[in-house]
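Some notes on the structure that comes next.
Note that this is a predicted model, so its numbers are computed, not measured.
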Amino acid sequence: MRSASGEIAMARGDYASARTHLEAAHKLGQELGAYAEGAFLVARLSEVAYRAGDAANAERLLARADEEADRYSVWDARTYVRFLQATLLLDRGEVARAREVCDLAVGRVSDGTPPPVFRVVLGGLSARISVAEGDPAAALPMVDEALRTALAAGCTEQILGAQLEGAAEVLPALGQARPAAVLLAAADAVRGLVPRSVPERSAVDALAERLSAALPAADLAAARERGAALDGGRAAALVAVLAGGEHEGGESAGE
């Protein structure tokens with residue numbers, strides 16, 4: 001119950017409460033001998049710290065989670081830890097190392113029984129790394145695949161919105177600022193009242209500034225209006241069109 005309460009609090013952006021509940025769940029698990037679950041809970045605490053903007057504490061907790069996952073051979077926790085490690089490396093600008101760790105996580109997914117969301121977030125992260133590597137054209141199909149998986153698995157608005165934001169971040173580098181503005185507004189609509197984390201908010205604010213500089217005010221307003229009217233499925237269909245793939249219920253990518 002404390003673990004579930006922590007997940008709800010994290011989704012709501014109440015990171016202090018999330019930390020309290022997850023720490024209590026971890027303590028109880030240790031008392032009961034549920035050591036395998038402990039590694040995952042410590043990794044969740046690391047993500048709470050990261051989402052709150054405390055990268056230093058996130059790294060400290062992640063090292064602890066990595067140690068526990070290795071000690072008890074918890075494959076799913078290891079995959080999750082690698083995802084968080086790669087995320088922190090990318091944020092620090094260590095692109096080559098981020099790619100190495102992300103690819104390691106992708107390659108080990110089948111060693112355990114992770115939920116589909118693992119493949120979604122790893123695909124989205126791999127796309128971000130491709131952009132940092134200077135290959136945005138390779139990134140867009142990755143986000144397309146992540147969105148397809150997210151929709152098929154019924155992932156949360158938070159996960160779906162994050163992937164739409166990832167697509168929006170790719171597009172300006174491909175000379176498509178207007179569709180990027182559409183997708184950013186769609187991400188807002190999909191998220192609804194679900195807040196962004198501190199790193200997500202920073203990235204979205206920076207993207208919004210770039211789009212404001214790239215587009216005339218009238219074009220930007222029209223793109224935002226169009227995006228606000230899209231649900232998750234139609235926004236994902238637009239990404240598929242832009243990626244050059246096929247998607248049921250296609251949405252025009254028109255400029």
So does R71 pair up with E67, basic N to acidic O under 4.0 Å?
-> yes
With side chains defined as the heavy atoms from C-beta onward, is the minimum distance between M142 and Q163 less than 4.5 Å?
-> no
Answer yes if the ring centres of F118 and F83 are under 6.0 angstrom apart, and no otherwise.
-> no
Do any N or O atoms from the side chain of S46 and from the backbone of V42 form a donor-acceptor pair under 3.5 angstrom?
-> no
Heavy-atom closest pair, residues A235 and L183 | O-CD2, 3.7 Å
What do the steps show when you test R82 against D66 for salt bridge (Lys or Arg N to Asp or Glu O under 4.0 Å), and what is the final call?
-> CA-CA 8 Å; R82 298 290 176 265; D66 195 18; 3.1 Å; yes
Taking all atoms of both residues into account, what is the closest heavy-atom pair of P172 and L207, and its distance?
-> CG-CD1, 3.9 Å
Closest non-hydrogen atom pair between S3 and A25, with its separation | N-CB, 3.7 Å
With distance as the sole test, does S212 use its side chain to make a donor-acceptor pair with the main-chain N or O of A208 at under 3.5 Å?
-> yes
For residues T87 and C102, determine if any side-chain heavy atom of one lies less than 4.5 Å from a side-chain heavy atom of the other.
-> no
About how many Å separate CG of D144 and CG of L140, when rounded to the nearest 0.5 Å?
-> 7.0 Å
Considering non-hydrogen atoms only, spot the tightest contact between P116 and A153 and give its length.
-> CB-CB, 3.6 Å
Just by distance, do the side chain of S130 and the backbone of S126 share a donor-acceptor pair under 3.5 Å?
-> yes
Quick one: are F40 and E68 in side-chain contact, heavy atoms under 4.5 Å?
-> no
Check against salt bridge (Lys or Arg N to Asp or Glu O under 4.0 Å), R224 and D219 = CA-CA 9 Å; R224 287 174 173 168; D219 289 354; over 6 Å; no
Taking all non-hydrogen atoms of both residues into account, name the closest pair between A150 and L160 and its distance.
-> CB-CD1, 4.2 Å
R196 bridged to D188 by N-O distance under 4.0 Å | yes
Would a 4.5 Å heavy-atom cut-off, applied to side chains only, mark Y50 and N57 as touching?
-> no
Are E200 and P195 side-chain neighbours, meaning at least one heavy-atom pair lies under 4.5 Å?
-> no
SB check R64 E59 (cutoff 4.0 Å) = no
Using a strict cut-off of less than 4.0 Å between a Lys/Arg side-chain nitrogen and an Asp/Glu carboxylate oxygen, indicate whether E165 and R191 qualify as a salt bridge.
-> yes
P141 and A137: which non-hydrogen atoms are nearest, and at how many Å?
-> CD-O, 3.2 Å
